[in-house]
Every structure is written in structure tokens, then in C-alpha cells.
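Below: the structure, in C-alpha cells.
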Protein chains: 2
Amino acid sequence: MLPSSTVENYLKALHQAETSREDKALVPMGQLATAVGVAPGTATTMVKALADSGLVEYEPYVGVRLSSAGAKLAALVLRRHRLIEQFLVEIVGMSWAEVHEDAEQLEHVVSDRLIERMDAMLGHPAVDPHGDPIPTPDGTVAAPDYHSLLTCPLHIAVTVTRVTDQDANFLRFLEKQDLKPGHSLEVEARDSAADSVQLRTSAGHQITIGTQAASKVLIEVS
Amino acid sequence: MLPSSTVENYLKALHQAETSREDKALVPMGQLATAVGVAPGTATTMVKALADSGLVEYEPYVGVRLSSAGAKLAALVLRRHRLIEQFLVEIVGMSWAEVHEDAEQLEHVVSDRLIERMDAMLGHPAVDPHGDPIPTPDGTVAAPDYHSLLTCPLHIAVTVTRVTDQDANFLRFLEKQDLKPGHSLEVEARDSAADSVQLRTSAGHQITIGTQAASKVLIEVS
DNA sequence: AGTCGCGTTTTGACAACTCAAAATATAGAA
DNA sequence: TTCTATATTTTGAGTTGTCAAAACGCGACT
Ligand SMILES: [Mn+2]
Ligand SMILES: [Mn+2]
Ligand SMILES: [Mn+2]
Ligand SMILES: [Mn+2]
């Protein structure tokens with residue numbers, strides 16, 4: 001039985017929730033429900049079904065976690081999603097700000113044949129347009145990033161490697177400010193009272209953004 | 001309310017059935033059910049719902065026909081299907097024999113944005129890899145073809161323009177015999193007793209095919 | 001006119017997914 | 001320990017799409 005789009009969406013949401021979580025605690029039902037965009041009771045019902053299929057481990061009143069089978073399936077959905085995004089940007093010429101919505105639908109219907117063809121055309125890329133790592137065909141996902149503009153050292157050159165938000169307006173803003181993955185900059189100051197982070201791009205432009213935004217721009221020291 | 005994949009499939013099947021039908025008689029339920037791959041009763045139920053939505057005209061015990069609204073919707077689905085096939089062959093480099101299955105799924109999820117981008121990349125093609133006409137964005141479909149290898153005059157040069165069958169093996173066979181759209185040949189003889197048609201390709205090869213197959217290869221005099 | 005056969009429709013049931021709202025569990029405050 | 005706020009689960013119901021099989025309509029043939 002191949003999983004329905006619905007099942008794939010639950011597994012993917014669960015994977016994302018688990019990844020953006022320091023501890024390895026179970027994901028609470030409410031969070032999953034919100035992520036999938038469904039009423040709490042609906043998530044409970046669905047999770048019980050997923051547990052019966054062996055795709056998740058479920059502890060009533062505590063939360064859910066992907067089983068290894070579920071994690072592998074989620075990784076394959078993520079692989080399709082990200083390869084599609086890379087394809088739409090590199091081959092079709094769409095903007096990195098608008099490909100997410102299309103990928104969200106296409107990820108459930110592209111055949112293995114087509115996805116591997118895309119992968120080959122793109123030269124087996126390691127990351128998608130947002131810097132998100134592309135899982136391998138066997139379901140292995142590369143390790144996550146470490147620092148963001150909110151946590152990295154001040155006054156040293158860093159390179160944007162990944163943006164963990166898909167909002168089109170935010171992505172367009174970053175593009176306009178030369179903050180797409182690959183661009184260099186340094187953090188000049190942080191002001192917790194003002195809730196802001198002050199940046200200087202390699203072109204010399206000075207930009208101030210909020211801490212919420214800063215935490216979504218991941219970097220590596222360059 | 002945007003139509004579901006299911007509705008799109010019914011409308012498309014109906015469009016095909018109406019097109020491959022000399023008279024403008026209603027399409028019988030049984031034929032529609034077979035085309036969609038569903039039990040007869042299921043088709044009846046669905047058609048009544050479609051009639052309530054104004055997408056078809058339904059006469060109990062007689063058959064169904066697309067309304068103008070339904071015809072337009074069907075044409076848009078067909079447009080997406082055929083542009084996707086052309087894209088997969090021209091840009092992605094897939095075989096004309098294998099793109100139909102992928103297009104069958106993708107046609108229901110590609111966004112307008114993406115489909116128009118593909119259309120532009122392809123230079124606004126008039127036909128897909130099988131020679132099927134691509135409807136315009138407003139739902140206009142070009143006129144059909146006239147002759148096939150079964151009905152055209154003997155001993156004159158003709159060019160293959162369209163193949164009205166999506167079976168991968170058949171398509172691969174045609175490709176191997178230089179009978180893809182664009183290739184020239186002439187019909188040397190027909191033998192109704194043997195149920196066969198004898199061809200000679202422009203390269204001089206002689207091929208004999210059955211009348212069923214011959215009727216699916218449409219041509220124009222060249 | 002009467003009967004037969006075949007296609008069509010109806011019926012009853014089911015699977016997958018969803019929601020609103022009532023019931024309940026659990027953890028933390030009093 | 002008892003109460004209470006909040007998250008979770010349960011319940012009852014609805015939607016969409018499907019099937020098998022019984023019932024039915026209709027044209028064809030006697
Ligand atoms: Mn995305
Ligand atoms: Mn991405
Ligand atoms: Mn096709
Ligand atoms: Mn085609």
C-alpha cells in the first residue's frame with residue numbers, strides 16, 4: 001500500500017517538528033495538528049491509524065514520534081519536495097520565493113523515474129534553493145546546521161547557508177537584501193531590548209532585522 | 001470550488017469520448033464508466049453530481065454530454081496534460097512512450113504559474129509529443145485530423161502527424177519503425193482479408209501492421 | 001402483446017478524512 | 001489534597017468517492 005498524500009503530509013510535518021526540537025521528546029498532538037492544519041481530534045484519529053501501520057510511535061496524552069519506517073518515508077517525501085524546488089529554480093527559472101507551494105503539491109505525485117531524472121539533470125545537488133539538505137534515495141538526511149544570525153559570533157565574516165522559513169515575502173526580502181544562501185556578511189551588533197540584530201553585507205550595506213527573522217537565517221563561519 | 005482530481009478525470013474522459021465519436025450523440029454511461037475505470041453505478045452517481053454542478057447534461061438511460069462549462073474545464077485539463085508531456089520530452093528528456101503516466105498525475109496539481117512558465121519555455125507549442133493539439137488557455141481546442149493510415153490514399157507520400165494511443169509498447173514500436181510524428185512514408189497496400197496494412201518508410205523499409213494499429217496513426221498528405 | 005437480454009439505476013455498505021463539541025486526563029496552583 | 005486550566009481524546013456526524021448486487025427500464029425478437 002503506497003501512502004496517501006494525507007499520510008505523507010502527516011509524516012513530513014512530524015519530521016519537521018522532530019528536527020526543529022533540541023530534545024528528542026515526543027511531538028505533542030496539538031503541535032502536529034497545527035502543523036498539518038487540522039483539528040486536534042483529527043490528528044489523534046490519524047495518529048492512531050499511523051501507529052497501527054507502524055509508521056509512528058504514539059503515547060496517549062504525551063505525543064508522537066516517527067518510527068524508523070516512518071522516518072524513512074518522511075525523508076523520501078522531503079527528498080522529492082526539495083529536488084522539485086531545486087528543479088523549479090534551476091531549470092524552470094522560477095523564484096526561490098514561490099516554488100514551495102508548487103513543490104508542496106508535486107511532491108505527492110512525481111514518479112521515481114521523474115524524480116531521479118531531475119536529480120541527474122541537477123547534478124545530484126546536496127541542498128535545495130533554501131539551503132535545506134536533500135535526503136538521499138535511501139532516506140538518509142544530512143546533519144543539521146549549527147548557528148544562525150542570532151547565535152553566531154559578532155564581527156566575523158559568515159556565509160548564509162540556509163533559510164528555515166518558506167514565507168514568500170520573507171524570502172523576497174532576503175533576496176533583495178543580498179541575504180540568499182551563498183552571500184557573505186557579518187553581524188555587527190545585537191540589541192535584546194530592541195529585539196533586533198544589525199548586519200553589514202559584503203557590499204557594505206547595513207541592515208537591521210528582528211530576532212525572529214535572524215533566527216531563521218542559518219550561517220557558517222567563512 | 002475548484003474541481004477535484006476525480007471530477008477532472010471524469011470531464012477529461014467525457015471529452016475524449018465525445019471527440020472520438022462521429023455523431024454528436026450522448027456518451028453512454030457504460031462507456032464513461034469503462035473509460036474512468038469505475039463500476040457503472042459509480043459513474044451514474046458521479047454524473048448526477050456533475051449535472052447538479054452544471055458541468056454536464058445528463059439524460060437517464062441515454063447518456064451524458066459536457067456542458068459548455070464542462071467542456072472548457074476539460075480543455076484546460078487537456079492543456080495541462082499535453083503541455084506537461086511536451087515539457088517532459090523536450091526539457092526533461094524523457095521518452096514519448098513513458099510520459100503519459102506521469103502527465104496523468106501531474107495534470108491535477110500543476111499551478112497556472114508553472115504551466116504558463118512551461119508553455120513559454122517550450123515556445124507555445126501547438127501539439128504534444130503524440131501530435132495531440134494543445135488547447136489554448138481560454139479552452140479552445142484545434143480541429144481534429146482527417147486521415148489515418150487506414151483511410152488515406154495509397155501510393156502517395158504522407159507524414160505522420162498524430163498517434164491516438166498511449167500504450168507504451170505501441171509507442172516504442174512506432175519509434176523503432178520511424179513512425180513517430182514528423183516522419184514520412186506511403187501506404188503500399190491494404191489487405192482486408194489479412195486485416196493488415198503495408199507501409200514503406202522514407203528510408204525504404206517495408207512494414208506490415210494490423211488495421212487496428214493503422215487506424216491509430218493519423219497523417220496528412222505531404 | 002409478451003418476453004428476454006442488456007445496460008442503467010438504485011440500494012446498502014464501506015473506506016478515508018474531516019469537524020464541532022462533549023468528555024476526560026494531567027499537571028500545576030491553591 | 002483538591003481544584004482548575006489546558007491539552008487531548010471521544011463521540012456523533014458529514015463529505016467524497018467507491019463497490020457489489022438487486023431492481024429496473026427499454027428496445028429487440030418472437
Ligand atoms: Mn519548501
Ligand atoms: Mn526548500
Ligand atoms: Mn497523454
Ligand atoms: Mn499526448
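Residue numbers begin at 1 in each chain, while the letters A, B, ... track the order of the sequences.
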Next on the checklist: Please tell me whether A:Asp195 and A:Thr211 have a donor and an acceptor in their side chains that are separated by less than 3.5 angstrom.
Outcome noted: yes
Next on the checklist: Within the 4.5 Å heavy-atom criterion, are A:Ser20 and A:Thr164 side-chain neighbours or not?
Outcome noted: no
Item to check | Residues, nucleotides or ligands: over 12 heavy atoms within 6.0 Å of A:Gln212 CD | outcome: no
Next on the checklist: Measuring to OP1 and OP2 of D:dT9, would you say a side-chain N or O of A:Tyr58 lies under 4.0 angstrom away?
Outcome noted: yes
Next on the checklist: For chain A and DNA chain C, what are the first and last nucleotides along the strand, 5' to 3', with at least one atom under 4.0 angstrom from a heavy atom of the protein chain?
Outcome noted: C:dC17 to C:dA25
Checklist entry - Rounded to whole angstrom units, what separation is found between the CE atom of B:Met29 and the P atom of D:dT18? => result 13 Å
List the atom pairs, with distances to 0.1 Å, where a side-chain N or O of residues 26-46 of chain B and a protein N or O form a donor-acceptor pair under 3.5 Å, not counting sequence neighbours.
{"unit_1": "B:Gln31", "atom_1": "OE1", "unit_2": "B:Arg21", "atom_2": "NH2", "d": "2.6"}
{"unit_1": "B:Thr34", "atom_1": "OG1", "unit_2": "B:Gly30", "atom_2": "O", "d": "3.0"}
{"unit_1": "B:Thr44", "atom_1": "OG1", "unit_2": "B:Pro40", "atom_2": "O", "d": "3.4"}
{"unit_1": "B:Thr45", "atom_1": "OG1", "unit_2": "B:Gly41", "atom_2": "O", "d": "2.9"}

Checklist outcome for this item: Nearest heavy-atom contact between A:Ile91 and B:Met121 is O-CE, 3.3 Å
Next on the checklist: Less than 4.0 angstrom from a charged side-chain N to a carboxylate O is my criterion; do A:Glu220 and A:Arg162 meet it?
Outcome noted: no
Checklist entry - Roughly, in whole Å, what's the span from OH in B:Tyr61 to P in D:dC26? => result 7 Å
Next on the checklist: So that I can tick it off, tell me whether A:Glu98 and B:Arg117 are bridged by a salt bridge, with the cut-off set at under 4.0 angstrom between side-chain N and carboxylate O.
Outcome noted: no
Checklist outcome for this item: Sequence neighbours excluded, the answer for side chain to side chain donor-acceptor pair (under 3.5 Å) partners of B:Thr161 is B:Asp145
Next on the checklist: Near DNA chain C, counting only heavy atoms under 4.0 Å, which residues of residues 2-28 of chain B show up?
Outcome noted: B:Pro28
Hey, can you pull the donor-acceptor pairs under 3.5 Å for the side chains in residues 81-89 of chain A, sequence neighbours left out?
{"unit_1": "A:His81", "atom_1": "ND1", "unit_2": "A:Glu107", "atom_2": "OE1", "d": "2.8"}
{"unit_1": "A:His81", "atom_1": "NE2", "unit_2": "A:Glu85", "atom_2": "OE2", "d": "2.7"}
{"unit_1": "A:His81", "atom_1": "NE2", "unit_2": "A:His100", "atom_2": "ND1", "d": "3.1"}
{"unit_1": "A:Arg82", "atom_1": "NH1", "unit_2": "A:Pro133", "atom_2": "O", "d": "2.6"}
{"unit_1": "A:Glu85", "atom_1": "OE1", "unit_2": "A:His130", "atom_2": "ND1", "d": "3.0"}
{"unit_1": "A:Glu85", "atom_1": "OE2", "unit_2": "A:His100", "atom_2": "ND1", "d": "3.2"}

Checklist entry - In Å, rounded to the nearest 0.5 Å, how long is the span from OG of B:Ser196 to CD1 of B:Ile209? => result 9.0 Å
Item to check | Close residues, residues 32-56 of chain B, relative to DNA chain C [heavy-atom separation under 4.0 Å] | outcome: B:Pro40, B:Gly41, B:Thr44, B:Lys48
